[in-house]
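Have a look at the structure below before the remarks.
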Amino acid sequence: MSIQGIDPRTGSPVGSAVPPTPPEPLLAAAADAFGAFKATTPGVRAELLTRLADRLDAAAGDLVPLAMAESGLPSARLTGELARTSAQLRLFASVVTEGAYLEAILEDADPGATPPRPVLARMLEPVGPVLVYAASNFPFAFSVLGGDTASALAAGAPVLVKAHGSHPGLSAEVASLASRAVADAGLPAGVFGIIFGDDEGVTALKDPRVKAAGFTGSTTGGRFLFDVASSRPDPIPFFGELGSINPTVVTPAAVAARPDEIVTGFVGSFTLGTGQFCTKPGLLFLPAGHGLGPALQSAVAAVEPAPMLNARIASQLASGLTELSERVSLLASGPDAPAGGSWASAQLFTTSTDAFDAELTDEHFGPAALIVEYKGEDDLFAALSTIEGSLTATVHGEPGDPFPLPRLLSILADRAGRVVWNGWPTGVAVSWAMSHGGPWPSTTNSAHTSVGATAIRRWLRPVTFQSLPDDLLPPALQAANPWHIPRREPA
């Protein structure tokens, strides 16, 4: 059955339908390309990544309107996202050129050690062909040429992308651009490929030629694919970024000092992109008697309805909020959404820590959030103990704040991959120090990040070479250091 793009603003088909892709030829091509791509120099990989970035930028005028039609997202948002995507490709070009990601280590022999140590040389090598599942909410940055693809190509791993069904036309265009760039770089065609179709994506994940996979999406979908990857005869790493509630705590001092700023920032953050950011602050902890109710109601009432990414997401949000409303109170809502398409209005709910439990920590993907009022420090800490892993956790406090901030930050750091101070978690910088991950269920592996330079580590494995002659070592480990990379060497 062909995959058809649907305009979420109208519910009408967009563009031509794309047929499912038989995965076998692509899997064979990726496996055949691995040896040659793995052996490429840093310069070759950096040139490919830069070429992809340049061509993506050059095609923006054609790609952004197509993304708008299939996702319902506005032009300004998508234009910025495309620029972020090309910048991400260029970041990984610099990562490859700098070379520290290889973690190259050289050790001399030490016959007197216990046990005796031979000559050892260690580095990270690519795992093999990687399967990437594109996301619905970022048609560029977490899709065909998004961070998973960029980091895997930088590592020297051929990539097969399983396109998301919400934007098949865009995915096909970006994939065509990528394939041409690979060919123009003189690399094997199997360095990059794209698969359409859910069943075809599962077939590829089960194939022994795929050595690792990356995913961004729902907890349900990610857990299913994680189980598939884990139950193979040869289990493989599956790096899934899943659901996240992203708790935010506001201290009494912060409420007193910056009430308007907190209201504006919070409402803007949880409704940004129709609430379809994985870093949306879904829980806001406010001290009892905060007095922000009227301002929050006014701010939410001013948020115009907007289309969701697809009908399935809109339906799941509506169902989830119906269940939520049976347990908590509706504090504020935006104007009614128009009929037709997959639209949603902002909704803000409220409860207290007395009624708060783990069932209220489920993610509601869309423009919705829950305020939880706490009576004191112990009351808050008990509520936070029920929250599972998140991508982010945020604290709003003040200089000299009497609140026990070190304890609060420690509790939140145990539950999140990024802790934010006096800001909002939506928006993830693409940089060397960024961590975009966290304990389950925000990810399937909290040791890694899907954004930032160190995302490349997911597609690498350590190999130690013992007592090899210098001329047989990989260039990164040879005495002359021909790639001029940072290494740990004998004193």
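Any value given below was found using the heavy atoms of this structure, including those in side chains, with hydrogens, waters and symmetry copies removed.
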Could you please spell out the steps behind the side-chain hydrogen bond (donor to acceptor under 3.5 Å, both in side chains) verdict for Thr351 and Arg327?
CA-CA 8 Å; Thr351 190; Arg327 293 213 39 206; over 6 Å; no
Please find out if less than 6.0 Å separates the ring center of Trp424 from that of His396.
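Yes, the ring of Trp424 comes within the 6.0 Å limit of the ring of His396, centre to centre.
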Ring centers of Phe226, Phe215 separated by less than 6.0 Å
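No, they do not, as the ring centres are separated by 6.0 Å or more.
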Check [Y] with [X], please: is the shortest side-chain N to carboxylate O separation under 4.0 Å?
{"X": "Lys38", "Y": "Glu125", "answer": "yes"}
{"X": "Arg180", "Y": "Asp184", "answer": "no"}
{"X": "Asp227", "Y": "Arg232", "answer": "no"}
{"X": "Glu363", "Y": "Lys280", "answer": "no"}
{"X": "Arg209", "Y": "Glu24", "answer": "yes"}

Counting C-beta onward and ignoring hydrogens, is there a side-chain heavy-atom pair between [X] and [Y] closer than 4.5 Å?
{"X": "Arg418", "Y": "Met434", "result": "yes"}
{"X": "Val395", "Y": "Val250", "result": "no"}
{"X": "Lys211", "Y": "Val130", "result": "no"}

Inspect the surroundings of CG in Asp336 and state if more than 12 heavy atoms from other residues, nucleotides or ligands are less than 6.0 Å away.
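Not more than 12 within 6.0 Å, no.
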Under the 3.5 angstrom rule, does the side chain of [X] hit a backbone N or O of [Y] as a donor-acceptor pair?
{"X": "Thr149", "Y": "Leu145", "answer": "no"}
{"X": "Thr85", "Y": "Ala141", "answer": "yes"}
{"X": "Ser151", "Y": "Asp148", "answer": "yes"}
{"X": "Glu98", "Y": "Ala100", "answer": "yes"}

Checking side-chain contact (heavy atoms from CB on, under 4.5 Å) for the pair Phe196/Ser171: CA distance, chi angles, key distance, verdict?
CA-CA 9 Å; Phe196 291 91; Ser171 298; 4.1 Å; yes
ring-ring contact (aromatic ring centres under 6.0 Å, His included) contacts touching residues 143-183 (sequence neighbours left out):
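Listed by first then second residue: His164-His167.
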All side chain to side chain contact (heavy atoms under 4.5 Å, CB included) counterparts of Ala154, not counting sequence neighbours
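With neighbours one apart ignored, the set is Leu49, Phe92, Val96, Ile456.
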Quick one, Leu187 with Thr40, criterion side-chain contact (heavy atoms from CB on, under 4.5 Å). Give me CA distance, side-chain angles, the key distance, then yes/no.
CA-CA 9 Å; Leu187 294 168; Thr40 53; 3.9 Å; yes
Show your reasoning for whether side-chain contact (heavy atoms from CB on, under 4.5 Å) applies to Asn137 and Ile313.
CA-CA 10 Å; Asn137 58 336; Ile313 291 175; over 6 Å; no
Please list all pairs meeting salt bridge (Lys or Arg N to Asp or Glu O under 4.0 Å) that have one or both residues in residues 153-173, counting only residues at least two apart or in different chains.
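Passing the test, one end in residues 153-173: Lys162-Asp198.
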How many angstroms lie between atom CH2 of Trp440 and atom CD of Glu388, to the nearest 0.5 angstrom?
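Rounded to the nearest 0.5 Å, the CH2-CD separation comes to 8.5 Å.
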Would you sort out whether Ile6 and Asn310 count as a side-chain contact (heavy atoms from CB on, under 4.5 Å), showing the intermediate values?
CA-CA 8 Å; Ile6 301 294; Asn310 57 53; over 6 Å; no
